[in-house]
Every structure is written in structure tokens, then in C-alpha cells.
> 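Please see the structure below; I have some questions.
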Amino acid sequence: MSKKVRVRFAPSPTGGLHLGGVRTVLYNYLFARANGGDFVLRIEDTDQTRFVPGAEEYIMDCLKWCGLNPDESPVVGGPYAPYRQSERKAMYREYAMQLVGQGNAYLAFDTTEELEEMRRELKVDEHSSVQYDHRTRKRMRNSLTLSADEVNDLVNAGTPYVIRIKVPENQTIVFTDMIRGNITFDSNLVDDKVLLKADGMPTYHLAVVVDDYLMKITHAFRGEEWLPSAPVHLLLWEYLGWIADMPQWAHLPLILKPDGNGKLSKRDGDRLGFPVFAMNWHDPNKNETTGGFREMGFMPQAFVNMLALLGWNDGSGQEIFSMDELISRFQISRIHKGGAKFDFEKAKWFNNQYIQQTADETLVALVRPYFLEKGHNPSDAMLLKVIALIKDRCTLLPDFWAQGSFFFEAPETDPTVVKDAKWNENKQMFFETWLTKLNEHADWTDIALEQSATDNLAAFGLKKGDIMLPLRIMLVGGKFGPGVFHIAELIGKEETMNRIKKVIG
RNA sequence: GGCGCGUUGGUCAAUCGGCUAAGACGCCUCCCUUUCACGGAGGAAUGACGGGUUCGACUCCCGUACGUGCUACCA
């Protein structure tokens, strides 16, 4: 009998949603969809000191933007509600006490100062370990060293205490990771992690085990940074008597900084000029906004596709995958073990690919906001024509304005840029003459206009190459853009003539 | 420092013992285009190091080096 696949993404609502977080969501989502399973969003808000208002809604907005909506969450609910750990507070204490009763955990009354002192004393040299573990717990103030009466008195007096796991001595803890295979730990080197904090809230270690069990999670994906605490979790599953129901673990490789070393962080994005968060994040406490991929002009499909390939591939060499393809091709066995440095250039390439493969009609709605922002509200027909002309030179959505503004606004062309060293009387005369011809020109199409220009060149001893660039700069304001006569056709007779006049006087 | 995990071009990466080591991004050259881009054709650039195992090792094993993560009453 195989259980129904259930996976979860369990973020802390403390700030922007990191690219690596989105990838974790994505792998969860793909695995759930491929196996007909459920994808749960659980909010791990057990650290009240780090709570940031709005962060939870923000995370859900990000998931929505990415098209990775959970089947169960604090908002949509579900059979295992509540999905916010702060609302599950009472349950954790119950299990923590069960562990204490079994002798697998104990109460610790040590103050911060006492802990610091212990660590200071232990740190006699570079080689010393300063953990709260099987060696040190014997000298601390806890229910292992104190008599039952003393413990009761302290508790009754309202002395703050935490509950720590009692890690066994001389055991080899082995667990199997779906990506890395068997991983072994020496229990003597694992410390007695705090399970329940003095404020009654569980730490991640207790909460993740209790909730994964209660929510019937079958496969747990999380970042590689959790690997060192995996033995604690394994012990908890054992002690709580749930080992048969423990999910299969998959510790995902880290996403690293493009340059230098280390995990990719928000600061690296600021420093290197690219986003790290899925969407803009405004921190209400610091009152500062950090940029997101969405606002930078990424299409969610491209963003998701790019992330899927950062640490996974299907072995075929294919790089562009629709969500359905990702779902059918995704395999945990093909997730890499090693961390990957993030490459923003490649990320942009993905977006460019998506823009190119998106129908112009679809693009209309996607790029319109950028034109509205500049005070223009073109018709769909007009926008469609512009898109057709410029899409192959657009990588991010705002490029459509950068590459197409001159269709709507006359460029601020400095006449001296056109009338440079190569400018001469013949060119001046050509444009003056051509202007009068244009005024009567009936067939305002790019082909006819090009013909008209060519026909009038010879009289002034000019070649086409002599006037193409000047004309382009008059119409566009720079050395870029689609064919000049296409542009002339689109902006119309009056505007074309005005722009030429403006330069030649 | 200890412990865990990792290591194929600058970056992402294929390869599951036969390699003259794919492909993509980026970079360079040329063609196309009297602009820019797209597109096309080329090019430079890779197995960390040392030992094994094997007819044969990028692939397996062991060391070393390097990188990275953890080492909180944060997740």
C-alpha cells in the first residue's frame, strides 16, 4: 500500500522570497503534480522576533505569480489546518513533554549568560567544541543534573526554561537522502538542540517533525543547509514513534553567488545589479524595497523554467520546457548534488526565448503597462504592429518601450548628430526635395517609400548608403531599431515629415 | 577548529568504464543586414591534484587540496 504523495513548502514570513525558495517550491510542485499528490504551504512563523507584517501575503502572491499554487495553505485551508505554526503552538508542547517523559528530552534552565560562559570556558583552544551536548549537559542547570524537586520548584516559580533533545551517545545515525544517498553522523557530535523555546514556541526542529507527521508529508524537499540538523530530526521521528511515517528527504543543492563564494543573497543582487527575489519586496521595518524578477520584466514562465534548470536537467539537452513538460520530465534522481552559481545573463536568455515564442497578440497585454506608464495608450492594432517589428530585440518586458518609444514620441534628436562631418549640401538638398515629394506621396508603405527615396538619390549624386543613417537618426534618434521605412510607414506621413524637418530646418 | 556535503570550459551542464569529452549562456571572427538585433557559419575555452582498481577511468575506491553549508531559545 503506497501512501498518497504529499509535499510541503514551509517558509518563514520574514522577508522577500529568494530565488532558491522558489526553486524549492517548484521541485515540490513538480513532484506533487507528477505523482498526483498534494502540495501544502505551511507558514513557519515560530520566531516572533522575526515576524514581518505582509510577508505571508507576499509569499503567496509570489507563488501565484509563478503559477505554483498550493492545494492547502493558511488561506485556502485544508484537512490538516491550521497551516500556520503559530496557531499550532499547543501541539508542540504536548509532544515535547512526551519526549521529556520518555527520557529523550529534558528541561534546561540555563540563562543566556550561563550558556555564554560555558562556551567561553570550553573554548580553550581552536580545536575545542562548544556544543551543548552529552559532555556539557552534565555541568549545566537542567532536569538531568537537578533533582526532581529542584526542577519542580524552578518550574513552579516560573523560571524560564527550554526543552532540549537528549542526543544519545556512541550511535551512528544513518539516513538516506534521495539525492545524496546514505549520510552518516556520529551522535557524539550532534548537539542537544532546543526543541521548545522559553516562550513556549517550538524551534524549527520540533515543528518540522511534528507538522510533517501530522500533515502526512511523504517527501520533504529543503535546502542543503539543513543537512547538518537532519540527525536531530531523524532522532525525533524515532523517539516520537513515527519512524515508519518519516518522509523521504531530498536536500537540494545551494544557489551560489555568480562571483566570489557563498550562498546567493539579497545583497549580491543589489551589488551586481540583478534581482534575487521573485517579486519586489518592501520591508516595512526598514522601509526599503528590494527588486524582484517580476518587476525587472521577467515572464513567470521564463523565471520558473530558468530555475528548474538550475540544479536539474532531463539529460536530453533541452532547455525550454513548458510547465507540463517539466511535470512529466522531472525526476529527483536527476537533481544535482553540487551547488550552482547563478548566472543572470543566462536568466535573461530564458526570458528572451519566452518573449520570442509568445504570440504577439499575447504580448500586447503584457507590454501595454510599460506604454501606459509613459503616458501612451495605443490601440491593440498599433501595439501589435510595433511588437512585430521590435520583439526580436527585446529580452525583458521593459525593452519594448526602450525599443519602441519612437513610434509614439518624436526622439530628441540633436541636429548636429545628423549633420556631422559626413553631412554635405547634397544631402541637405536631397532631404529638402524629398520632403516635397513625400508631401504628395500617396502610397504610404515601406516599399513605396524606399522606392521613392532611391528614385530621388541620383539627382544629387548620392547613394542609398549616404542617407540611410541620417534618416534613421531623424526618425529614431539613434542607431538602432527596425527598418527605417517600416518605421516611416507606421508613424505616418505627418510625423515622418516633421521629424525630418526638425533636423534639416 | 569540528562535522556534513560537494568538485567536467568563465557560467549552467551531458557522460551512468571505451572520449577524437555533447549542448546552452557569455566571449571572439565571418556571413546576412547600408542601423541595432534576430538568424546562419566558424573559433577560443573543460575532467582540482596524487595514488590505486581495471585491458581501459572524467566515470569506481582511497588520500590530499579547494569550495560550500552547519556549528543560535533563526529558519
Side-chain angles (χ1 to χ4, degrees), chain A residues 10-14 44-47 49-50 85 108 110-112 115 119 123 125-133 160-164 177 179-180 183-186 188-191 193-205 207-208 222-231 251 253-254 256-259 261-263 306 309-320 333-334 336-350 352-353 356 390-395 399 403 463-469 471-473 475-476 478-484 487:
Chain A
S12 292
T14 54
E44 308 225 341
D45 55 349
T46 56
D47 186 357
T49 63
R50 294 211 306 162
Q85 290 183 331
D110 317 284
T111 61
T112 312
L115 288 171
R119 290 181 179 125
K123 188 111 187 135
D125 60 49
E126 296 254 294
H127 304 267
S128 46
S129 165
V130 295
Q131 295 191 131
Y132 200 122
D133 60 16
Y161 65 90
V162 300
I163 293 177
R164 287 180 181 271
D177 182 272
I179 298 172
R180 292 153 211 283
I183 300 170
T184 27
F185 296 89
D186 175 355
N188 290 338
L189 271 10
V190 177
D191 60 345
K193 287 264 183 274
V194 170
L195 265 20
L196 202 73
K197 301 185 255 189
D199 66 0
M201 278 291 197
T203 58
Y204 171 81
H205 307 293
V208 73
R222 61 176 14 167
E224 191 186 338
E225 68 269 26
W226 289 109
L227 217 35
S229 51
H251 288 90
L254 267 9
L256 309 167
K257 300 175 199 285
D259 59 351
N261 309 312
K263 271 199 292 190
M306 177 274 290
L309 273 283
L310 205 54
W312 170 88
N313 71 78
D314 76 342
S316 73
Q318 181 177 338
E319 294 191 283
I320 302 298
S333 61
R334 292 202 62 92
H336 302 143
K337 297 181 176 75
K341 287 185 182 169
F342 178 64
D343 181 3
F344 189 54
E345 290 305 318
K346 184 83 186 215
K348 284 196 292 191
W349 174 81
F350 273 101
N352 179 271
Q353 294 295 302
Q356 301 322 318
I390 66 174
K391 89 188 272 197
D392 62 7
R393 57 206 88 205
C394 293
T395 292
D399 292 346
Q403 291 291 330
K463 289 177 308 217
K464 207 172 153 196
D466 297 322
I467 57 104
M468 290 299 277
L469 198 55
L471 178 58
R472 167 172 297 281
I473 296 173
L475 299 188
V476 174
K479 295 198 262 187
F480 66 97
V484 267
I487 296 167

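The sequence lines fix the lettering, A, B, ..., with proteins before strands; numbering per chain opens at 1. From a predicted model like this one, the values you see are computed outputs, not experimental measurements.
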> Describe the nucleic acid contact of A:Gly223 in one word from base, sugar-phosphate, nothing, applying a heavy-atom distance below 4.0 Å.
nothing

> Take atom P in B:G23 and the same atom in B:G40, then report the distance between them in whole Å.
14 Å

> When we call it a touch if two heavy atoms are under 4.0 Å apart, what does A:Arg119 touch: a base, just sugar-phosphate, or nothing?
sugar-phosphate

> Does any non-hydrogen side-chain atom of A:Leu227 lie less than 4.5 Å from one of A:Arg180?
yes

> More 5' along RNA chain B: A:Lys346 or A:Leu310, using each one's nearest nucleotide?
A:Leu310

> Indicate, with a heavy-atom threshold strictly under 4.0 Å, whether A:Gly481 touches base, sugar-phosphate, or nothing.
base

> For RNA chain B, whose closest nucleotide is more 5', that of A:Ala108 or that of A:Gly315?
A:Gly315

> For atom C1', what is the distance between B:G26 and B:G9, given to the nearest Å?
12 Å

> Once you apply a heavy-atom cut-off of 4.0 Å, does A:Thr14 come out as touching a base, just sugar-phosphate, or nothing?
nothing

> Considering only atom P, compute the distance from B:U53 to B:U46 and round it to an integer number of Å.
30 Å

> Check every atom of B:A14, B:C36, B:C3 against the side chain of A:Asn313 and return the nucleotide holding the closest atom.
B:A14

> Does B:A14 have OP1 or OP2 sitting under 4.0 Å from an N or O in the side chain of A:His336?
yes

> Within this structure, what is the CD-to-P distance between A:Gln131 and B:A72, rounded to whole angstrom?
7 Å

> Does A:Asn313 reach the side chain of A:His336, with side-chain heavy atoms less than 4.5 Å apart?
yes

> Could you check which of B:A24, B:C36, B:C5 has an atom nearest any side-chain atom of A:Trp349?
B:A24

> Give the nucleotide from the list B:C73, B:G69, B:C3 with an atom nearest to the side chain of A:Leu254.
B:G69

> Using atom C1' of each nucleotide, how far apart are B:A41 and B:C32 to the nearest Å?
11 Å

> Considering only B:A24, B:U34, B:G10, which nucleotide approaches the side chain of A:Lys464 most closely?
B:U34

> Under 4.0 Å, heavy atoms only, any strand: does A:Leu309 hit a base, just the sugar-phosphate, or nothing?
sugar-phosphate

> How long is the line joining NZ of A:Lys341 and P of B:U11, in whole Å?
5 Å

> Counting only side-chain N and O atoms of A:Arg164, is one of them less than 4.0 Å from OP1 or OP2 of B:C73?
yes

> Rounding to an integer number of Å, can you tell me how far A:Asp186 CG sits from B:C70 P?
21 Å

> When you check the phosphate oxygens OP1 and OP2 of B:A75, does a side-chain N or O of A:Thr46 lie under 4.0 Å from one of them?
yes

> Between B:U71, B:U11, B:C73, which one does the side chain of A:Lys197 approach most closely?
B:C73

> Identify which nucleotide among B:C36, B:A75, B:U34 has an atom closest to any side-chain atom of A:Phe480, counting heavy atoms from C-beta outward.
B:C36

> Expressed as a whole number of Å, how far does the P atom of B:C58 sit from that of B:C19?
11 Å

> Looking across every strand, which nucleic acid part, if any, lies under 4.0 Å from A:Glu224 by heavy atom: base, sugar-phosphate, or nothing?
base

> Using the rule given for side chain to side chain contact (heavy atoms under 4.5 Å, CB included), can you reason through A:Lys348 versus A:Asn352, listing the C-alpha separation, both sets of side-chain angles and the distance that settles it, and then say yes or no?
CA-CA 6 Å; A:Lys348 284 196 292 191; A:Asn352 179 271; over 6 Å; no

> Taking atom P in both B:A57 and B:C49, compute the distance separating them and give it to the nearest angstrom.
15 Å

> Please state the P separation for the pair B:A21 and B:U59 - nearest whole angstrom.
15 Å

> Say you pick atom P in B:G6 and the same atom in B:G10; how far apart are they, in whole Å?
23 Å

> So what does the secondary structure string of RNA chain B come out as, 5' to 3', with Watson-Crick or wobble pairs under 3.5 angstrom, [ ] for crossing and | for pairs with another strand?
(((((((..(((.....[....))).(((((.......)))))....(((((..]....))))))))))))....

> I want to verify a distance call: between B:A72, B:A75, B:C3, whose nearest atom is closest to the A:Arg50 side chain?
B:A75

> Can you identify which nucleotide, out of B:U71, B:G69, B:U15, has its nearest atom closest to the A:Arg334 side chain?
B:U15

> Across the strands shown, which category fits A:Val194 at heavy-atom distances under 4.0 angstrom: base, sugar-phosphate, nothing?
sugar-phosphate

> Determine the contact category for A:Ala340: base if any of its heavy atoms lies under 4.0 Å from a base atom, sugar-phosphate if only primed atoms, P, OP1 or OP2 are that close, otherwise nothing.
sugar-phosphate

> Would you mind reporting whether A:His205 and A:Ser229 have side-chain heavy atoms less than 4.5 Å apart?
yes

> How about A:Lys479 and A:Leu469: do any of their side-chain heavy atoms sit closer than 4.5 Å?
yes

> Any side-chain heavy atom of A:Ile320 within less than 4.5 Å of one from A:Phe350?
yes

> How close or far is atom P of B:A72 from atom CG of A:Asp110, stated in whole angstroms?
14 Å

> B:C12 P sits how many Å from A:Lys348 NZ, rounded?
18 Å

> Between B:A75, B:G26, B:U34, spot the one nearest the side chain of A:Met468, thanks.
B:U34

> Mind checking if A:Pro482 touches a base, just sugar-phosphate, or nothing, with heavy atoms under 4.0 Å?
base

> Any salt bridge linking A:Asp191 with A:Lys193? Criterion: basic side-chain nitrogen under 4.0 Å from a carboxylate oxygen.
yes

> Please state how far atom CH2 in A:Trp312 lies from atom C1' in B:A24, giving the value in whole angstrom units.
15 Å

> Rounded to whole Å, please give me the gap between CD in A:Glu319 and C1' in B:A24.
4 Å

> What does A:Phe342 touch in the nucleic acid at a heavy-atom separation under 4.0 angstrom: a base, only the sugar-phosphate, or nothing?
nothing

> Could you tell me if the side chain of A:Asp47 sits less than 4.5 Å from the side chain of A:Lys197, heavy atoms only?
yes

> Tell me whether the rings of A:Trp226 and A:Tyr204 are parallel (<30°), tilted (30 to 60°) or perpendicular (>60°).
parallel

> Do A:Lys263 and A:Lys257 touch side chain to side chain, with heavy atoms closer than 4.5 Å?
no

> A:Leu189 has an atom CG; how far is it from atom C1' of B:U71, in whole Å?
10 Å

> Mind checking A:Gly483 for me? I need base, sugar-phosphate or nothing, with any heavy atom below 4.0 Å counting as a touch.
base

> When you measure from the centre of the six-membered ring of A:Phe480, is the NZ or CZ of A:Arg393 closer than 6.0 Å and no more than 45° off the axis?
no

> Counting side-chain heavy atoms from C-beta on, which of B:U35, B:G26, B:A75 comes nearest to A:Asp47?
B:A75

> Remember a base hit wins even if backbone is also touched, and classify A:Arg180 as base, sugar-phosphate or nothing at under 4.0 Å, heavy atoms.
sugar-phosphate

